[in-house]
Amino acid sequence: MSTYARQDLAFERGEGSYLFTADGRRYLDFGSGIAVTSLGHAHPHLVQAVQAQAAKLWHTSNLFRIPEQERLAQRLVDNSFADKAFFCNSGAEANEGAVKCARKYFAVSGKPEKFRIITFEGAFHGRTLAMLAATNNAKYLDGFGPKVEGFDQVEFSLKAAKAAITPETAAIMIEPIQGESGIRSVPTEMLRGLRQLCDEHDLLLILDEVQTGMGRTGKLFAYEWSGITPDIISLAKGLGGGFPVGAVLATAEAAKGMTPGTHGTTFGGNIMSMTAGNAVLDVMLEPGFFDGVQKRSSYFMQQLVMLKDRYPEVIEDVRGQGFLMAVKTKIPNTEFQTALRDEHMLGVLAGDNTLRLIPPLTVPEKDIVEGIRRLEAACQKLQDKSKAAA
Ligand SMILES: *Cc1c(COP(=O)(O)O)cnc(C)c1O
């Protein structure tokens with residue numbers, strides 16, 4: 001179906017931070033398949049792990065124990081606030097699972113009237129029918145029938161969240177950094193305030209870490225920066241390093257309603273995706289991995305800020321944390337994307353007239369230097385053009 005406005009570009013292979021077309025053109029990939037290929041393309045450890053598993057066994061279903069799944073669940077639990085994990089195939093599906101988990105928690109706690117979820121303006125939670133209601137973007141909802149009941153979207157503030165709480169509210173759901181709407185961070189104070197609201201009003205706090213999770217911000221999970229812990233998080237994008245996989249992590253208490261038969265999936269948690277997830281964690285849990293991400297991403301941010309100072313007619317703002325960054329442009333972001341693509345460099349468009357720069361977490365410093373060089377070349381051409389026009 002014609003659901004995508006695709007760029008006329010196709011790639012044949014990848015290596016680290018680079019993608020190659022069939023005719024041999026090389027692109028610096030600071031889009032990472034929308035924050036998915038967290039360890040770059042063709043990472044030797046991931047390739048080896050998935051190839052070896054592919055020769056042994058692909059799929060058995062959740063009718064049987066899956067040791068590779070138990071292992072990934074245990075490792076995610078050991079490295080987070082959570083006690084329990086459920087695996088699925090995508091971000092939207094992970095968010096659906098998170099919301100089901102929260103509603104079931106209240107149902108088995110004798111409070112079935114608590115089912116409503118508060119979400120925030122600018123959110124993106126996915127494209128399933130319920131997540132369209134959670135996202136509440138008219139552009140995505142239009143033409144798809146009645147909006148799913150039970151989601152109350154409020155202005156992006158603590159005050160608005162507080163005002164929206166009713167006896168029917170079950171949970172507050174938020175992205176620690178809104179990704180699709182242009183890299184808007186939830187201030188730490190607001191996140192702490194939301195945690196407090198949840199505690200005071202008997203609500204669960206759900207963090208959508210589909211984009212921010214798995215090291216994107218320089219820690220394994222973005223909530224770690226805030227000092228608070230959520231009750232439930234959703235993961236996907238970077239979790240499989242390019243292999244489709246999602247997860248819901250929760251405390252034992254929040255997951256107490258998720259008993260046998262309450263939720264399920266045919267593909268979710270299958271051996272191939274769990275092998276990919278474990279291989280990703282092998283790399284990320286190496287000592288010093290996140291220090292490296294923080295160090296190289298700070299350097300990149302510093303260089304971007306300098307670029308903004310040199311090209312004020314082109315770049316209005318740079319923002320983000322870790323390798324989840326965006327430049328807000330003075331010209332249309334699509335023009336900036338095209339100019340950058342002419343320099344054989346890729347980013348991903350986002351809201352608020354931004355272009356996301358989300359390289360692999362493993363991007364070496366020399367590729368960052370090269371990225372800045374290409375960004376600078378694009379900025380120079382755009383600035384010359386705007387001067388010529390003026
Ligand atoms: C991408 C994304 C989703 C949706 O993930 P899909 O795998 O496309 O369903 C949900 N939430 C956030 C924050 C995302 O960035």
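Whatever order the structure lists ligands and atoms in, that order sets their numbers, starting from 1. What you see is a predicted model; the values in this text were computed from it and never measured.
Below 4.0 Å from some heavy atom of Ser90 lie the following atoms of ligand 1, by number and element: 7 (O), 9 (O).
Centroid-to-centroid, the aromatic rings of Phe151 and Phe115 stay 6.0 Å apart or farther. The aromatic ring centroids of Tyr18 and Tyr27 lie 6.0 Å or more from each other.
Asp142 contributes atom CG, which lies 11.0 Å from atom CG of Leu132 (distance to the nearest 0.5 angstrom). The line from CG of Leu239 to CE of Met274 is 6.5 Å long, rounded to the nearest 0.5 Å.
Within the 4.0 Å heavy-atom criterion, the part of Glu175 lying near ligand 1 is the side chain and not the backbone. For Asn95, every heavy-atom contact with ligand 1 shorter than 4.0 Å involves the side chain, none the backbone.
Paired with Cys379 under the rule side chain to side chain contact (heavy atoms under 4.5 Å, CB included), one option of Val314, Val327, Thr329 passes, and it is Val314.
The closest protein non-hydrogen atom to atom 11 (N) of ligand 1 is Asp208 OD2, 2.8 Å. Nearest non-hydrogen protein atom to atom 4 (C) of ligand 1 is Ala92 N, 3.7 Å. Closest to atom 5 (O) of ligand 1 among all protein heavy atoms lies Gly91 CA, 3.2 Å. Summary of contacts: the protein heavy atom closest to atom 2 (C) of ligand 1 is Lys237 NZ, 2.5 Å.
Taking the salt bridge (charged side-chain N to carboxylate O under 4.0 Å, His left out) definition, one finds that Glu121 meets it with Arg184, sequence neighbours left out. Annotation: salt bridge (charged side-chain N to carboxylate O under 4.0 Å, His left out) contacts of Glu253 (sequence neighbours excluded): Lys256.
For ligand 1, none of its N or O atoms has an N or O atom of Val210 under 3.5 Å away.
Atom 8 (O) of ligand 1 lies below 4.0 Å from none of the non-hydrogen atoms of the protein.
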